[in-house]
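This report concerns only the one structure given below.
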There are 2 protein chains.
Amino acid sequence: MNGVLEARPALGELEREVIELFVRMADVLSLPRSVGEIYGLLFIASDPLCLDDCRIRLNISKGSTSQGLKILRSFGAIRTVYIPGDRKDYYVAETSLRKIASGFAGEQIQPHVHSGKERIARIREILDQYSGDDRELLDEKIEHLENWQKRASKALPLILKLIGG
Amino acid sequence: MNGVLEARPALGELEREVIELFVRMADVLSLPRSVGEIYGLLFIASDPLCLDDCRIRLNISKGSTSQGLKILRSFGAIRTVYIPGDRKDYYVAETSLRKIASGFAGEQIQPHVHSGKERIARIREILDQYSGDDRELLDEKIEHLENWQKRASKALPLILKLIGG
DNA sequence: CAGTTTGTTCAGTACATTTTGAACATTATG
DNA sequence: CATAATGTTCAAAATGTACTGAACAAACTG
């Protein structure tokens with residue numbers, strides 16, 4: 001424990017607003033609230049913070065903090081920094097939108113796109129060994145799906161270029 | 001009630017797969033599962049379906065069905081069709097990706113972008129009446145946020161163009 | 001106009017996800 | 001080696017969201 005009483009001061013108004021901004025973003029991206037809180041705190045922090053810094057200032061549990069940092073690391077939204085003479089891990093927010101977006105896309109979006117692709121292929125197979133009055137109509141519909149799938153696949157990298165600069 | 005025993009046959013393999021595809025999509029888009037089910041059913045159906053058709057074939061409640069159809073209408077993912085001599089509402093899936101995507105963007109994304117914009121403006125105000133050692137550093141960070149915000153705002157319409165054709 | 005059909009709303013419940021906190025593993029320190 | 005520091009994991013609890021089903025409203029029907 002830290003000897004000094006207020007080594008980790010409570011959050012100020014500015015910090016609270018910034019954190020809330022990222023909490024909302026996390027919500028949109030279907031990430032846990034705590035992930036948004038932690039990223040927000042690191043984003044606005046002047047110095048690298050360790051797990052306990054985050055936990056205490058955000059008033060969340062050790063487990064959530066550990067999990068949240070893991071998720072943020074998983075798509076490169078934060079970086080660890082080495083602090084000489086300290087064996088804790090310290091973190092800073094990655095601020096390159098390109099890096100974060102492409103990490104997020106690769107980790108959280110691509111898998112969905114991929115499994116969607118597989119499912120459509122499966123649907124195509126089912127349809128191919130089917131015959132009935134509506135066969136032609138169904139063929140058109142599945143073709144339509146395949147078309148959407150292709151457009152989505154092509155759009156994703158372009159979107160990343162667009163956002164990432 | 002329908003006099004015929006099997007006027008609404010159970011879902012076939014093809015239908016189930018297509019519905020599951022849209023259930024996964026709904027999940028990615030943070031929409032209720034039932035919304036995905038209903039859209040999937042309408043997408044693959046050969047004819048317009050009414051509320052009870054959906055409810056019975058998907059085995060979900062009247063309330064969910066009503067809510068789901070409302071949501072799908074709200075961003076133009078389905079259209080109502082008039083069937084002479086029947087006072088029920090019938091629905092078909094809208095299949096223009098452009099229409100669906102822009103409806104979804106306007107209804108479910110824009111509000112978030114907008115409130116994010118407001119929050120960043122608020123943060124800017126807070127910062128402007130603040131002075132401290134780290135003022136300059138904070139200024140840079142908030143500028144960074146404003147930059148992200150602008151890029152997201154500009155990207156959204158371009159993405160729609162990109163996807164919609 | 002009483003009864004039926006159709007669709008909406010909403011309080012309560014069911015369900016899924018996140019958070020907690022304690023137990024555990026690992027590495028450092030004296 | 002015993003103790004402390006650091007971080008992870010996971011079962012249980014808390015939380016938030018979607019679903020159900022019944023009550024209701026509105027519009028049609030005979």
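Just so it is clear: chains get the letters A, B, ... in the order the sequence lines come, proteins before strands, and each one is counted from 1. Predicted model only: the values in this text are computed from it and were never measured.
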Open item on the list: Taking only side-chain N and O atoms of R33(A), does any of them lie within less than 4.0 angstrom of OP1 or OP2 on dA14(D)?
Closed with: no

- [ ] Could you tell me whether the side chain of K62(A) has a donor or acceptor atom within less than 3.5 Å of a complementary atom in the base of dG7(D)?
- [x] yes

Open item on the list: Measure CD1/I71(A) against C1'/dG7(D) and give the value in whole Å, please.
Closed with: 16 Å

- [ ] Indicate yes or no: does D139(B) engage R124(B) in a salt bridge with an N to O separation below 4.0 Å.
- [x] yes

Open item on the list: Tell me the interatomic distance from I60(A), atom CD1, to dG7(D), atom P, rounded to whole angstroms.
Closed with: 14 Å

Open item on the list: Expressed as a whole number of angstroms, how long is the span from Q67(B):CD to dT17(D):P?
Closed with: 15 Å

TODO: Answer yes or no: is there a side-chain heavy-atom contact under 4.5 Å between I44(A) and K141(B)?
DONE: yes

Task: Nearest-Å distance for atom pair CG/P, residues L31(A) and dA16(C) - done: 20 Å

Task: Length of the CG-C1' vector between D52(A) and dG21(C), whole Å - done: 14 Å

- [ ] Figure out the CG/P separation between D86(A) and dT6(D), and round it to whole Å.
- [x] 7 Å

- [ ] Ignoring the backbone of S66(B), work out which of dT6(C), dT8(C), dT19(C) is nearest its side chain.
- [x] dT8(C)

Open item on the list: Looking at R57(A) and D52(A), is any side-chain nitrogen of the basic one under 4.0 Å from a carboxylate oxygen of the acidic one?
Closed with: no

- [ ] Ignoring the backbone of L51(A), work out which of dG7(D), dG7(C), dT19(C) is nearest its side chain.
- [x] dG7(D)

Task: Rounded interatomic separation in angstrom, taking CD1 from I56(B) and P from dG7(C) - done: 12 Å

Task: Charged N-O contact under 4.0 Å between R24(B) and D27(B) - done: no

Task: Sugar-phosphate, base or nothing in reach of T65(B), heavy atoms under 4.0 Å - done: nothing

Task: Shared hydrophobic cluster for F43(A) and L14(A) (ILVMFWY, side-chain gaps under 4.5 Å) - done: yes

TODO: Look at the side chain of S61(B) and decide which nucleotide, out of dC19(D), dT19(C), dT8(D), has an atom nearest to it.
DONE: dC19(D)

Open item on the list: Quick check on dG7(D): is either OP1 or OP2 less than 4.0 Å from any side-chain nitrogen or oxygen of K70(A)?
Closed with: no

TODO: Write down the distance between CZ (R87(A)) and C1' (dT3(D)), rounded to a whole number of angstrom.
DONE: 11 Å

- [ ] Consider the side chain of S64(A), meaning its heavy atoms from C-beta on, and name the nucleotide among dA28(C), dT5(C), dT19(C) that approaches it most closely.
- [x] dT19(C)

Task: Position toward the 5' end of DNA chain D (nearest nucleotide), E37(B) or R73(A) - done: R73(A)

Task: dT6(C) OP1/OP2 closer than 4.0 Å to side-chain N/O of R55(B) - done: no

TODO: Kindly point out which of dC28(D), dG7(D), dT18(C) is positioned nearest to the side chain of K88(A)?
DONE: dG7(D)

